[in-house]
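The first residue of the sequence shown is numbered 1, and numbering continues consecutively from there.
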Amino acid sequence: MKLAIIGLGNMGKAILNGILKQKLIKPENIIAADKKFADPDFENSDEYASVTVTADNCLAAQEADYIILAVKPQIINLVLEDIKKVAAAKVVISIAAGVKTELLAKYFGSRAKIVRVMPNTPALVAAGMSAIYYSPAVEADEKAFVDQIFNSLGKTVKVKESEMDAVTGLSGSGPAFVYIFIEALSDAGVLKGLDRKKALKLAAQTVKGGAEMVLSSGKHPAELKDMVCSPAGTTITGVATLEEQGFRSSVVQAVKTAAERSEELGK
């Protein structure tokens, strides 16, 4: 079994790292393609020593059974044009936002084995969230292997293709919104007298702990919020300020507009 990863940006490297750490594929059975790739740490690492790196997309696709397209939607047509003659019988896995199977099928045929995945950047620290859609032609054993790849980056969930734009706006773009929130929390700590390093650690761990409470407790976020809000206390006063400032509606609008941008990229 051989794998090609086309595109070695942050997500391409995160996927490669997850595969190597979990020993899902031998390094010598992986070929990575990136026309502008230059990373001395990558090239000098023993971990990657047996991974073939090329600037030739077609060569990478030709050698592989599975092809991961880890490229931006703005250039995916160029990549598809490069590999269309050699990739039609392969399992093609696209992580390009907004790019629908309809477009991929124009290059590889209506019965092509196409997988769409929307991962997010916490995959870089094996804490990612990946939503996966499989076209009908993908076999059970092929699905199981793709699941293994993306479970190595964190957690996965199966979705309908019609849900992919919403996923992109929520979990694909969501880390950026969370980072802004963490930065704002730490700024507030500094404003009230904490040093920057301490404030940032408090803010980041608070967000991490809150997320873990949601995931592990099974309780609705509103219930967990109420557990912190004592009558006439500090927290409910802060919550009231967030509501007055439109915090909740701003987050909803951010996800909505990000999802709409994903829809635009798919047209």
Side-chain angles (χ1 to χ4, degrees), residues 8-18 21 39-42 45 47 72 95 97 118-131 150-157 166-262:
L8 282 174
N10 286 334
M11 286 309 309
K13 285 193 285 186
I15 292 167
L16 178 58
N17 285 335
K21 286 178 180 177
D39 186 338
D41 292 336
F42 183 99
S45 169
E47 186 178 14
K72 300 291 185 185
I95 68 168
M118 178 45 60
N120 61 14
T121 54
L124 292 164
V125 292
M129 185 71 236
S130 299
F150 289 95
N151 278 320
S152 74
L153 308 179
K155 297 186 182 299
T156 61
V157 63
V167 167
T168 301
L170 199 165
S171 63
S173 300
F177 310 150
V178 173
Y179 302 145
I180 293 171
F181 180 54
I182 291 171
E183 183 183 26
L185 282 177
S186 64
D187 282 348
V190 173
L191 178 67
K192 297 306 292 182
L194 295 172
D195 68 73
R196 173 63 64 183
K197 185 175 181 180
K198 191 178 297 180
L200 186 57
K201 183 175 182 179
L202 286 163
Q205 183 60 38
T206 296
V207 171
K208 181 180 180 181
E212 188 56 43
M213 285 282 286
V214 173
L215 292 170
S216 63
S217 70
K219 297 180 184 296
H220 192 279
E223 185 179 354
L224 294 171
K225 177 206 70 181
D226 290 348
M227 289 167 58
V228 190
C229 292
S230 303
T234 60
T235 307
I236 192 62
T237 302
V239 168
T241 300
L242 288 176
E243 297 292 2
E244 288 170 5
Q245 297 298 318
F247 175 76
R248 189 189 301 264
S249 61
S250 293
V251 173
V252 171
Q253 281 299 115
V255 174
K256 178 176 177 289
T257 54
E260 288 169 352
R261 178 56 179 153
S262 177

For this session: Please lay out, stage by stage, how Ser130 and Met118 fare under the test side-chain contact (heavy atoms from CB on, under 4.5 Å).
Result: CA-CA 5 Å; Ser130 299; Met118 178 45 60; over 6 Å; no

For this session: Start with the C-alpha gap between Met213 and Lys219, add the side-chain angles, then the distance that decides, and say whether side-chain contact (heavy atoms from CB on, under 4.5 Å) holds.
Result: CA-CA 8 Å; Met213 285 282 286; Lys219 297 180 184 296; over 6 Å; no

For this session: Take Val190 and Leu200 through the side-chain contact (heavy atoms from CB on, under 4.5 Å) test and state the conclusion after the steps.
Result: CA-CA 9 Å; Val190 173; Leu200 186 57; over 6 Å; no

Exercise. So, Ser262 side chain and Ala258 main chain: donor-acceptor pair closer than 3.5 Å or not?
Worked result: no

Exercise. Is a side-chain N or O of Ser186 found less than 3.5 angstrom from the main chain of Glu183, in a donor-acceptor match?
Worked result: yes

Problem set entry | Partners meeting salt bridge (Lys or Arg N to Asp or Glu O under 4.0 Å) with Lys155 (sequence neighbours left out) | none

Exercise. Between Ala126 and Ser152, which heavy-atom pair has the shortest distance, and what is it?
Worked result: CB-O, 4.2 Å

Exercise. Would you call Leu224 and Ser217 a side-chain contact if the rule is heavy atoms closer than 4.5 Å?
Worked result: yes

Problem set entry | Close side-chain approach of Val207 and Leu185, heavy atoms under 4.5 Å | yes

Problem set entry | Nearest non-hydrogen partners of Asn120 and Met129, listed with the distance | OD1-N, 3.0 Å

Problem set entry | Side chains of Val239 and Cys229 in contact at under 4.5 Å (non-hydrogen atoms) | yes

Seminar exercise, completed: Nearest heavy-atom contact between Leu153 and Ala14 is CD2-O, 3.2 Å

Exercise. Any side-chain heavy atom of Asp187 sitting closer than 4.5 Å to one from Arg196?
Worked result: yes

Problem set entry | Minimum heavy-atom distance between Asn10 and Leu124, given as atom pair plus value | O-CD2, 3.3 Å

Problem set entry | Over all atoms of both residues, closest heavy-atom pair of Pro175 and Thr121 | CB-OG1, 3.8 Å

For this session: With sequence neighbours excluded, give me every salt bridge (Lys or Arg N to Asp or Glu O under 4.0 Å) pair touching residues 250-259.
Result: Lys256-Glu260

Exercise. Atom NZ in Lys208, atom CD1 in Ile182: separation rounded to 0.5 Å?
Worked result: 11.0 Å

Problem set entry | With Phe181 via ring pair (Phe, Tyr, Trp, His ring centres under 6.0 Å) - residues at least two apart | Phe247

